[in-house]
Amino acid sequence: MTAAEAVPQAVPQAVPEPVPEPEPEPEPVPVPQAVPVSEHVGTPVAVGTPHISAAPGDFAPLVLMPGDPLRARRIAETVLDGARLVTEVRGILGYTGTYGGVPMSVLASGMGIPSMSIYATELFRYYGVRRIVRVGTAGALTTSVALRDVVIASAAHTDSSVSRLLVDGVTLSLAASYRPLRAAVDAANAAEAEEPGGPAGSDPPAVHIGPVFSSDHFYLDRPTVLDALERRGTLAVEMEAAGLYAVAAAEGGEALAVLTVSDHVRTGAALSAADRETGFDRAVRIAAAALRADG
């Protein structure tokens, strides 16, 4: 053994692996707060809904509901006093003011039963609204109903499934609420003697009370369906009343539709855009009286 071999060799020391520093806890991701859901009418909503940006208290308990947002603005400007804009989400305009000293709002519904159902539900459920009257246009079915006439819809037939969805196994009768219906009829009767006649000294537009047909299809041509509806007393065709009446029944609110006849399904006659607005004002006054029904 050599001298070099006799010297003990140092044992190599294992180098410890560096201990990784713990990663910082991730910051919690904010979770959007869901709109509170309540089974009770008038449950307040904290910060708007997915479709309405109004704050609690921005809507009056009484609401006029045209389909067209521009018509809602026109009602706010020409019918309500002191109206202010309270929502404009998706271009759907809503205003609140007063009518005859009574707080009243107007909100557009958009077109069709699904859109009407969304806005009516949110008004009843989250904003404390208790009565909604749709003011819109309709196409006359029967020759006894003429252009410019007003149809107060006592009920709404529909080809939509909305009447079968609320109660399993039952097809609901979708009808107007009695108090606004009675008030609208009374207002129409009271105004009949005071209102001027139609064009060229003709008789003033008539007011009809009866059922309408709320169709899910605007362009679908089904003459046999319309014939059968007319034989059963249906006065006119439109696209929203059944949805409103169904929502009112589900949410415990009151509802009515007051419609201006803008065209005739049988004859093809139609009002001009300017004539529609002139005739529409008369229906709005009847609708506003219906909103103010006692009780």
Salt bridge (Lys or Arg N to Asp or Glu O under 4.0 Å) between Arg182 and Asp186, worked out: CA-CA 6 Å; Arg182 174 63 185 270; Asp186 289 346; 3.2 Å; yes
Euclidean distance, Asp58 CG relative to Leu85 CG, rounded to 0.5 Å: 9.5 Å
Exceeds 12 heavy-atom contacts within 6.0 angstrom, atom CZ of Arg266: yes
Check: Ser109/Ser115 side-chain N/O donor and acceptor closer than 3.5 Å: no
Heavy-atom donor-acceptor pair, Thr171 side chain to Ser163 backbone, under 3.5 Å: no
Atom pair CG/CD1 of Asp216 and Ile113 - distance to nearest 0.5 Å: 5.0 Å
Within one Ile-Leu-Val-Met-Phe-Trp-Tyr cluster: Ile92 and Met239, side-chain cutoff 4.5 Å: no
Nearest non-hydrogen partners of Ala288 and Leu64, listed with the distance: N-CD2, 4.0 Å
Hydrophobic cluster identity match, Val284 and Val151, side-chain contacts under 4.5 Å: no
Result of checking Val135, Val212, Asp149 against Leu259 for side-chain contact (heavy atoms from CB on, under 4.5 Å): Val212
Full working for side chain to side chain contact (heavy atoms under 4.5 Å, CB included) between Ile52 and Leu107: CA-CA 10 Å; Ile52 300 173; Leu107 176 70; 4.1 Å; yes
Hphob cluster co-occupancy, Val162 + Val167, side-chain heavy atoms under 4.5 angstrom: yes
From CZ (Phe59) to CG (Leu62), nearest 0.5 Å: 13.0 Å
Phe280/Ile75 under side chain to side chain contact (heavy atoms under 4.5 Å, CB included): CA gap, chis, key distance, verdict: CA-CA 10 Å; Phe280 185 75; Ile75 292 172; 3.8 Å; yes
